[in-house]
Colleague: 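Let me begin by handing over the structure; questions about it come next.
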Amino acid sequence: MKLNIDSEVPKVVVVGHVDHGKSSFIGRFLYDIGEIPDEKFAELKKASKTRSIDFEFAFLLDALQDERDQGITIDTTRIFFKTKKRKYVFIDAPGHKEFIKNMITGASSADIAILIVDVHEGIKQQTKKHAYLLKLLGVEKVIILFNKMDKIDYAEKKFLRVKFELEKFLSSINIKFNSSIPISSKFGDNLVKRSTKMPWFKGQVFVEVLDKYNISDNEISHFIRFPIQDIYKIGDKRVIVGRIENGKISNGTELIFLPSNEKVKVNSLEAWPKAKKIYGPGDCIGITLNDQIFVDRGNLASDTESPPKLMNRFESNVFWISDKKISFDKKYFMKINTGEYEVNINKIKNVINTESLDRKKNTNVLKNDICELVIHSSQFIPMDDYSFNKSTARFCLLDSEEIVAGGIINLKNYPDQREKKYISKNNITPESYSITEIDRSIKFNHRPGIIWLTGLSGAGKSTIAKNVEKRLFKRNFNVFNLDGDNLRIGLNKNLDFTPEDRTENIRRTAEVARLFTQAGFLVLVSLISPYRSERKKARDIRPELFREIYVKASVDICAKRDVKGLYAKALRGEIESFTGISSPYEEPEKPNIIVDTTIEKVEESVIKLEKYIIKEFSF
């Protein structure tokens with residue numbers, strides 16, 4: 001098994017608006033560093049003269065005759081080259097609007113990004129869109145080349161004006177610019193040799209910046225990510241094959257495989273012609289395990305300390321590249337790392353204007369729009385958040401084998417579905433109750449139950465629950481109200497409002513409710529509980545006794561009520577992860593009843609819920 005050649009050299013992607021000079025820049029640069037044979041150069045010059053057209057350095061890249069005739073580059077070109085310091089590969093990502101798909105393919109594997117701008121023509125919409133796309137693909141450091149300085153007579157003032165405008169935009173989307181270099185691809189200014197026509201420029205020329213570019217931050221990490229490409233059966237060995245994206249693997253390394261969540265150690269490293277003792281990012285290897293667990297293509301192996309999350313619902317930033325409209329009823333095919341999954345698009349949160357960076361609510365996503373989507377899968381998918389690990393947080397969506405979108409994963413607002421494995425308490429034996437649940441039910445003349453009120457903050461859950469509790473108590477029901485805020489000042493006071501802490505808050509509350517049912521109580525639970533998945537887990541504790549009540553009210557209505565002043569704080573940005581504003585709320589799909597406080601008075605809602613409970617739980 002050979003090492004992947006691409007992993008041995010930095011991959012450089014060149015992006016920019018059509019006709020801003022990407023191919024000319026690459027051709028001229030390769031010629032200036034001596035990578036173009038003289039006979040090839042002479043041949044193209046002669047061909048240009050024969051056809052009565054001016055020679056352009058872009059011709060060095062045009063592999064197909066019809067591309068030269070059309071005057072546009074239509075495929076991603078990979079060109080290996082070397083400077084005096086090290087080897088590289090250029091990924092020439094086309095800027096023409098119709099070939100964004102190729103750009104996604106090219107930029108998704110880049111170590112270094114170059115954004116090229118025609119300083120004479122200025123910054124175009126596609127320039128900003130391509131810059132934003134680099135961000136979506138996990139490339140956050142760029143070298144900016146301001147091309148065609150010859151067209152503005154090498155004027156410093158014009159250069160500084162365009163430079164300021166572009167750098168301001170890049171800063172607004174959190175892209176860092178390594179260097180901004182004024183160049184002329186036509187005459188080779190500031191590519192390999194310092195230009196005598198721009199004495200005012202004191203920075204380094206392009207080749208110096210490229211050779212000093214440190215990509216080690218992209219390659220070294222303390223956590224392991226090893227997507228499984230295939231399983232080989234060699235004799236009596238099962239060799240698990242893949243490419244290491246992060247971290248290092250050696251004999252004895254303990255790995256956790258997802259989605260099975262099983263831990264196992266590496267028994268041996270398999271490579272051809274001879275295995276090394278340790279492998280790192282970019283290495284393609286095979287491993288055997290010291291225990292025969294089920295591993296399949298598309299699984300993701302990691303270290304045990306910081307494994308990926310397992311998700312069946314998540315948010316994503318997506319570049320939509322298809323003429324087809326988004327369908328909420330359609331099954332899309334999602335490719336992430338080496339895995340392939342059927343998914344649904346549940347919601348279009350926003351469409352982003354790359355000019356102004358404004359977000360607008362819009363269900364009509366057009367070709368080449370950038371949008372924020374909520375995606376659902378019936379299977380658990382191992383994945384990382386883009387901010388944590390860019391290399392395993394990119395994906396593409398396919399519709400009937402056609403790529404329709406590419407994007408990155410955002411896990412900020414949804415909880416990890418990977419089940420925690422709690423330490424087994426071998427010396428603990430639960431006691432059976434001397435008074436049974438049936439005895440208590442007969443005494444109180446009603447069955448126990450969990451009445452779970454879910455809805456936005458301010459929808460009226462606590463008010464309704466308190467009033468229902470009072471009315472049922474007067475009817476001699478054994479009833480108690482578990483309120484979310486009360487639990488958070490005691491049992492759950494160590495929990496924050498992250499998706500994982502919200503999940504634990506719901507789990508603990510459900511377990512307490514279960515204990516109350518064993519004591520014969522009807523338990524009213526008032527909890528926002530924003531995630532369907534976590535409400536289902538609460539239901540699964542006592543499904544025969546659990547009833548889901550949706551206390552319905554819109555965000556606008558709740559914000560107007562704002563009894564606790566929380567919406568005002570959230571809208572000012574003083575509260576992070578506030579449900580309905582900056583964090584999602586998933587409405588119940590099939591609640592047992594809906595109490596709509598938008599159209600019902602409090603008393604009406606209370607009586608409605610009281611009657612339902614009496615009907616469901618009385619003998």
Colleague: Working note: Tyr332 + Ser327, criterion side-chain contact (heavy atoms from CB on, under 4.5 Å); need CA distance, chi angles, decisive distance, verdict.
Modeller: CA-CA 9 Å; Tyr332 291 94; Ser327 170; 4.0 Å; yes

Colleague: So, taking the atom named CD1 in Ile375 and the one named CE in Met311, what distance separates them when rounded to the nearest 0.5 Å?
Modeller: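 Interatomic distance, Ile375 CD1 to Met311 CE, rounded to 0.5 Å: 11.5 Å.
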
Colleague: With a 4.0 Å cut-off, would you call Glu437 and Arg542 a salt bridge?
Modeller: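 Salt bridge flag = yes for Arg542 with Glu437.
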
Colleague: Please answer whether the main-chain N or O of Asp485 pairs with a side-chain N or O of Asp483 as donor and acceptor at a distance below 3.5 Å.
Modeller: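 Yes, Asp483 side chain to Asp485 backbone: donor-acceptor pair under 3.5 Å.
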
Colleague: Which word best sums up how the rings of Tyr550 and Tyr585 line up, parallel for under 30°, tilted for 30 to 60°, or perpendicular for over 60°?
Modeller: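 Tyr550 and Tyr585: parallel rings.
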
Colleague: Would you name the heavy atoms of Ile244 and Gly280 that are closest together and state the gap between them?
Modeller: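 Result for this residue pair: CB-O, 3.5 Å.
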
Colleague: Decide side-chain contact (heavy atoms from CB on, under 4.5 Å) for Ile228 and Leu300; before the verdict, give the C-alpha distance in whole Å, the side-chain angles of both, and the deciding distance to 0.1 Å.
Modeller: CA-CA 6 Å; Ile228 308 309; Leu300 186 57; over 6 Å; no

Colleague: Apply the test side-chain contact (heavy atoms from CB on, under 4.5 Å) to residues Lys349 and Leu373: give CA-CA distance (whole Å), side-chain angles for both, the deciding distance (0.1 Å), then the verdict.
Modeller: CA-CA 6 Å; Lys349 285 187 65 183; Leu373 304 179; over 6 Å; no

Colleague: Verify, without hydrogens or angle tests, whether Asn410 (side chain) and Lys412 (backbone) share a donor-acceptor contact under 3.5 angstrom.
Modeller: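 Looks like yes, one N/O pair under 3.5 Å.
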
Colleague: Give a yes or no on whether a salt bridge exists between Glu254 and Lys265, defined as a side-chain N under 4.0 angstrom from a carboxylate O.
Modeller: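 Salt bridge: no.
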
Colleague: Just checking, any donor-acceptor pair under 3.5 angstrom between side chains of Asn312 and Gln417?
Modeller: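 On atom types as modelled, these side chains do not qualify, holding no pair under 3.5 Å.
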
Colleague: Please check if atom CZ in Arg475 has more than 12 non-hydrogen atoms from other residues, nucleotides or ligands closer than 6.0 Å.
Modeller: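 No - once you tally the heavy atoms of other residues, nucleotides and ligands closer than 6.0 Å, there are 12 at most.
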
Colleague: Centroid-to-centroid, Phe388 to Phe223, below 6.0 Å?
Modeller: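 Close enough - the centres of the two rings lie under 6.0 Å apart.
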
Colleague: Compute whether any side-chain donor of one residue and acceptor of the other, for Gln229 and Thr338, lie under 3.5 angstrom apart.
Modeller: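 Gln229 vs Thr338: no donor-acceptor pair found between side chains.
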
Colleague: Provide the closest heavy-atom pair for Phe619 versus Ser441 in the form atom of the first, atom of the second, distance.
Modeller: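 Scanning both residues completely, I find the closest heavy atoms to be CE1-O, 3.2 Å.
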
Colleague: Side chains of Ser387 and Asp385: donor-acceptor distance under 3.5 Å anywhere?
Modeller: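 Short answer, yes.
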
Colleague: Using a distance-only test with no angle check, is there a side-chain donor-acceptor pair under 3.5 angstrom linking Thr392 and Asn337?
Modeller: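 No, Asn337 and Thr392 have no side-chain donor paired with an acceptor closer than 3.5 Å.
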
Colleague: Side-chain contact, heavy-atom cut-off 4.5 Å: Asp283 with Arg243?
Modeller: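 A side-chain contact is absent here, since even the closest heavy-atom pair is not under 4.5 Å.
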
Colleague: Rounded to the nearest 0.5 Å, what separates atom OG1 in Thr517 from atom CD in Glu544?
Modeller: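 The CD atom of Glu544 is 8.0 Å from OG1 of Thr517, to the nearest 0.5 Å.
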
Colleague: Would one find more than 12 heavy atoms of other residues, nucleotides or ligands at under 6.0 Å from atom NZ of Lys331?
Modeller: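 Correct, the count exceeds 12.
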
Colleague: Is any NZ, NE, NH1 or NH2 atom of the basic residue among Arg535 and Glu586 found under 4.0 Å from an Asp or Glu carboxylate oxygen of the other?
Modeller: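 Result for this pair is no, no salt bridge flagged.
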
Colleague: Please check if any side-chain donor atom of Glu548 sits under 3.5 Å from a side-chain acceptor atom of Thr454, or the reverse.
Modeller: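 No donor-acceptor contact under 3.5 Å links the two side chains.
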
Colleague: Nearest 0.5 Å, please: how far is CD1 in Ile613 from CD in Glu469?
Modeller: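 Rounded to the nearest 0.5 Å, the CD-CD1 separation comes to 10.5 Å.
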
Colleague: Hey, are the side chains of Asn364 and Lys325 touching, using non-hydrogen atoms and a 4.5 Å cut-off?
Modeller: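 When only atoms from C-beta onward are counted, Lys325 and Asn364 do touch, with a gap below 4.5 Å.
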
Colleague: Any luck finding a side-chain donor-acceptor pair between Asn246 and Asn389 under 3.5 Å?
Modeller: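 Yes.
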
Colleague: Hey, are Arg572 and Glu574 close enough for a salt bridge, meaning a charged N less than 4.0 Å from a carboxylate O?
Modeller: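 Result for this pair is yes, salt bridge flagged.
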
Colleague: Between the side chains of Arg561 and Thr597, does any donor sit under 3.5 Å from an acceptor?
Modeller: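 Yes, because at least one side-chain N or O of Arg561 sits under 3.5 Å from a partner of the opposite role on Thr597.
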
Colleague: For the backbone of Asn505 and the side chain of Thr509, can you confirm whether one donor and one acceptor N or O come within less than 3.5 Å of each other?
Modeller: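 Yes, because the side chain of Thr509 sits within donor-acceptor range (under 3.5 Å) of the backbone of Asn505.
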
Colleague: Is there a donor-acceptor contact under 3.5 Å from the side chain of Asn344 to the main chain of Asn346?
Modeller: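 Flag not set: sc Asn344 to bb Asn346 has no pair under 3.5 Å.
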
Colleague: Report yes if some heavy atom in the side chain of Phe226 is under 4.5 Å from a heavy atom in the side chain of Ile285; otherwise report no.
Modeller: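 When only atoms from C-beta onward are counted, Ile285 and Phe226 do touch, with a gap below 4.5 Å.
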
Colleague: Is there a donor-acceptor pair closer than 3.5 Å between any side-chain N or O of Asn467 and the backbone N or O of Thr463?
Modeller: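 Answer holds: yes.
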
Colleague: Checking side-chain polar atoms at under 3.5 Å, does Asn481 have a donor or acceptor matched by the opposite partner on Lys466?
Modeller: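 Lys466 and Asn481 do not have a side-chain donor-acceptor pair below 3.5 Å.
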
Colleague: Ile409 and Phe314: side-chain contact (heavy atoms from CB on, under 4.5 Å), yes or no, with the steps?
Modeller: CA-CA 7 Å; Ile409 302 293; Phe314 56 92; 3.6 Å; yes

Colleague: Within 45° of the axis and under 6.0 Å from the centre of the six-membered ring of Phe497, does NZ or CZ of Arg488 qualify?
Modeller: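 So Arg488 does make the cation-pi contact.
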
Colleague: Does the pair Lys560/Asp556 count as a salt bridge with the N-to-O cut at 4.0 Å?
Modeller: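 No.
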
Colleague: Assess, by modelled atom type and distance only, whether the side chains of Ser171 and Asn174 contain a donor and an acceptor separated by less than 3.5 Å.
Modeller: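 No.
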
Colleague: So, do Asn445 and Asn476 sit near enough that their side-chain heavy atoms are less than 4.5 Å apart?
Modeller: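 The answer is no; the side chains never approach within 4.5 Å.
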
Colleague: Should the pair Phe480 and Phe516 be assigned to parallel (<30°), tilted (30 to 60°) or perpendicular (>60°) ring geometry?
Modeller: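 Correct class here is parallel.
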
Colleague: Flag yes if more than 12 heavy atoms outside Leu515 fall under 6.0 Å of its CG atom; otherwise flag no.
Modeller: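 It does: Leu515 CG has more than 12 such atoms within range.
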
Colleague: When you compare the side chain of Ile451 with that of Phe617, does any pair of heavy atoms fall below 4.5 Å?
Modeller: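 Of all side-chain heavy-atom pairs linking Ile451 with Phe617, at least one is under 4.5 Å.
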
Colleague: Tell me, please, whether Tyr386 has Lys390 positioned over its six-membered ring: NZ or CZ under 6.0 Å from the ring centre and within 45 degrees of its axis?
Modeller: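 Yes, Lys390 lies over the aromatic ring of Tyr386.
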
Colleague: For residues Phe477 and Phe444, establish whether the separation of their ring centroids is below 6.0 Å.
Modeller: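 Between Phe477 and Phe444, the centre distance exceeds or equals 6.0 Å.
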
Colleague: Distance check, rounded to the nearest 0.5 Å: Leu495 atom CG versus Thr503 atom OG1?
Modeller: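 Atom-to-atom, Leu495:CG and Thr503:OG1 are 10.0 Å apart.
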
Colleague: We want to know whether Thr579 and Arg502 form a side-chain donor-acceptor pair, criterion being a heavy-atom distance below 3.5 angstrom.
Modeller: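 Yes, Arg502 and Thr579 have a side-chain donor paired with an acceptor closer than 3.5 Å.
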
Colleague: Assess the side chains of Thr598 and Asp596: does a donor N or O sit below 3.5 Å from an acceptor N or O?
Modeller: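 Checked: Thr598/Asp596 side chains pair up, N/O donor to acceptor below 3.5 Å.
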
